[in-house]
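We use all heavy atoms of the structure for the numbers below, so side chains are in, but hydrogens, waters and symmetry mates are not.
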Amino acid sequence: MGMLMNTKGQVTVPAEIRAEFGWQAGDEFEFYTDEQGKVYLKPVDDDLTKGERFVRRIYGKGTANMDKTTDELMAMLRGDD
């Protein structure tokens, strides 16, 4: 059974599948892929808040200029030379 994605990137999960798994509006899901490039949809089933899940997902992915002072960072952001 195929479904079209709309311009917002949304795809409707057919009613039969929602009913079979007990999914309702407001349920949260996560997507992941396997080595073959298949995409999977899985309900979030932990006790974390949405914010905690976000922090867990991005933790350690940022970069920082730890060798610069606050003044140096501010000058860099302003484009001062």
Side-chain angles (χ1 to χ4, degrees):
M1 146 181 358
M3 302 302 288
L4 293 175
M5 180 182 298
N6 69 19
T7 57
K8 293 182 179 181
Q10 299 168 329
V11 177
T12 300
V13 177
E16 303 84 31
I17 294 175
R18 294 192 313 263
E20 179 180 342
F21 291 98
W23 296 345
Q24 300 176 354
D27 288 349
E28 287 189 64
F29 296 87
E30 59 188 9
F31 292 87
Y32 61 97
T33 58
D34 65 14
E35 298 80 28
Q36 291 79 35
K38 293 181 182 176
V39 178
Y40 295 89
L41 168 71
K42 174 181 145 179
V44 173
D45 60 353
D46 58 29
D47 292 332
L48 299 177
T49 66
K50 193 183 295 188
E52 289 168 331
R53 276 193 293 282
F54 174 74
V55 169
R56 181 179 280 179
R57 190 169 62 247
I58 65 166
Y59 184 79
K61 301 211 179 187
T63 59
N65 291 301
M66 300 300 286
D67 60 330
K68 298 195 183 318
T69 67
T70 302
D71 289 335
E72 290 170 328
L73 289 171
M74 294 303 294
M76 185 175 68
L77 289 171
R78 285 189 214 105
D80 298 344
D81 291 316

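Between Glu72 and Asp67 the shortest heavy-atom distance is OE1-O, 4.2 Å. Across every non-hydrogen atom of Glu52 and Leu48, the tightest pair is OE1-CA, 3.3 Å.
Applying the side-chain contact (heavy atoms from CB on, under 4.5 Å) test to Gln10 and every residue at least two apart in sequence or in another chain returns Asn6, Lys8. Evaluation of the side chain to side chain donor-acceptor pair (under 3.5 Å) rule for Asp71 yields no partner, not counting sequence neighbours. Residues satisfying the side-chain contact (heavy atoms from CB on, under 4.5 Å) criterion with Glu35, sequence neighbours excluded, are absent altogether.
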Is there a side chain to side chain contact (heavy atoms under 4.5 Å, CB included) between Asp27 and Gln24 once you walk through the steps?
CA-CA 6 Å; Asp27 288 349; Gln24 300 176 354; 4.0 Å; yes
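No path of Ile, Leu, Val, Met, Phe, Trp and Tyr side chains, each step under 4.5 Å between heavy atoms, connects Ile58 with Tyr32, placing them in separate hydrophobic clusters. Phe21 and Val39 fall within the same hydrophobic cluster, defined by Ile, Leu, Val, Met, Phe, Trp and Tyr side-chain heavy atoms under 4.5 Å apart, directly or through other members.
By the 6.0 Å contact criterion, CG on Leu77 is enclosed, its count of non-hydrogen atoms from other residues, nucleotides or ligands being greater than 12. Few gaps surround OH on Tyr40; more than 12 heavy atoms of other groups in view lie less than 6.0 Å from it. More than 12 non-hydrogen atoms from other residues, nucleotides or ligands lie less than 6.0 angstrom from CZ of Phe29.
With rounding to the nearest 0.5 angstrom, the CE atom of Met5 is 11.0 Å from the OG1 atom of Thr7. Rounding to the nearest 0.5 angstrom, the gap separating the CE atom in Met3 from the OG1 atom in Thr12 is 5.0 Å.
For the pair Leu41 and Trp23, the minimum side-chain heavy-atom distance is below 4.5 Å.
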